[in-house]
Amino acid sequence: QEPLTASLLAGAPPQEQKQMLGERIYPVIHEMHPTLAGKITGMLLEIDNSELLHMLESPESLHSKVEEAVAVLQAHQAKENAQKSA
Amino acid sequence: RKSTLNPNAKEFNPRSYAQPK
């Protein structure tokens, strides 16, 4: 699989750009969090494309962003559960 | 610092992982 570059992305329409980035990010996230991969990828795709490209080149920054997303998601779910039981 | 990530973001559906119907 050839690396995803900024120029490769620039040739695609905006929605397709996010799909292309998601296709690269998803497998990495799936290895870390199989059940949450789709949701976490969706959250990360709201980040600027330039930052996402950087994360693909730097697995450490991608990993820390994924952990941040998991924390946000869990806090959100805990809040929802608390509201339901209240 | 508050995270900018949105827990209500739309879920991503990967084409390459799509189940055949």
Side-chain angles (χ1 to χ4, degrees), chain A residues 1-2 4 12-52 54-56 61-83, chain B:
Chain A
Q1 202 182 25
E2 61 179 311
L4 190 58
Q15 195 48 47
E16 181 64 18
Q17 292 178 10
K18 290 295 183 186
Q19 185 73 30
M20 289 163 77
L21 285 161
E23 297 289 345
R24 304 299 175 107
I25 293 170
Y26 183 87
V28 181
I29 299 177
H30 192 267
E31 283 197 7
M32 299 170 71
H33 296 280
T35 56
L36 295 172
K39 186 68 182 179
I40 296 171
T41 306
M43 288 168 70
L44 262 53
L45 285 179
E46 293 191 342
I47 299 169
D48 282 349
N49 288 357
S50 58
E51 199 178 330
L52 290 169
H54 167 73
M55 281 188 236
L56 279 171
S61 56
L62 178 56
H63 284 193
S64 70
K65 207 67 176 175
V66 170
E67 294 306 336
E68 185 184 331
V70 172
V72 168
L73 203 54
Q74 286 174 344
H76 175 73
Q77 283 167 350
K79 204 173 156 188
E80 278 198 336
N81 290 341
Q83 282 172 350
Chain B
R1 189 177 69 87
K2 195 177 180 297
S3 175
T4 53
L5 294 169
N6 169 21
N8 296 311
K10 191 166 151 280
E11 199 160 321
F12 175 76
N13 293 306
R15 280 192 291 245
S16 49
Y17 280 64
Q19 299 294 320
K21 279 176 189 166

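Below, all heavy atoms of this structure are taken into account, side chains as well, without hydrogens, waters or symmetry copies. Reminder, nothing fancy here: chain letters follow the sequence lines and each chain counts from 1.
To the nearest 0.5 Å, atom CD of residue B/E11 and atom CG of residue A/L36 are 9.0 Å apart. Interatomic distance, CG of A/L73 versus CG of B/L5, reported as 10.0 Å (0.5 Å rounding).
Interface remark: A/I25 contributes no atoms to any contact with chain B (heavy atom separation under 4.5 Å). Residue A/Q77 does not touch chain B at all, counting heavy-atom pairs closer than 4.5 Å. B/N6 touches chain A through backbone and side chain together, each having a heavy atom under 4.5 Å away.
Using modelled atom types, one side-chain atom of A/Q19 and one backbone atom of B/N13 make a donor-acceptor pair closer than 3.5 Å.
Looking at A/E80, A/Q74, A/H76, A/K39 one by one, the single match for side-chain contact (heavy atoms from CB on, under 4.5 Å) with B/P7 turns out to be A/H76.
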Steps toward side-chain contact (heavy atoms from CB on, under 4.5 Å) verdict (B/F12, A/M43)
CA-CA 8 Å; B/F12 175 76; A/M43 288 168 70; over 6 Å; no
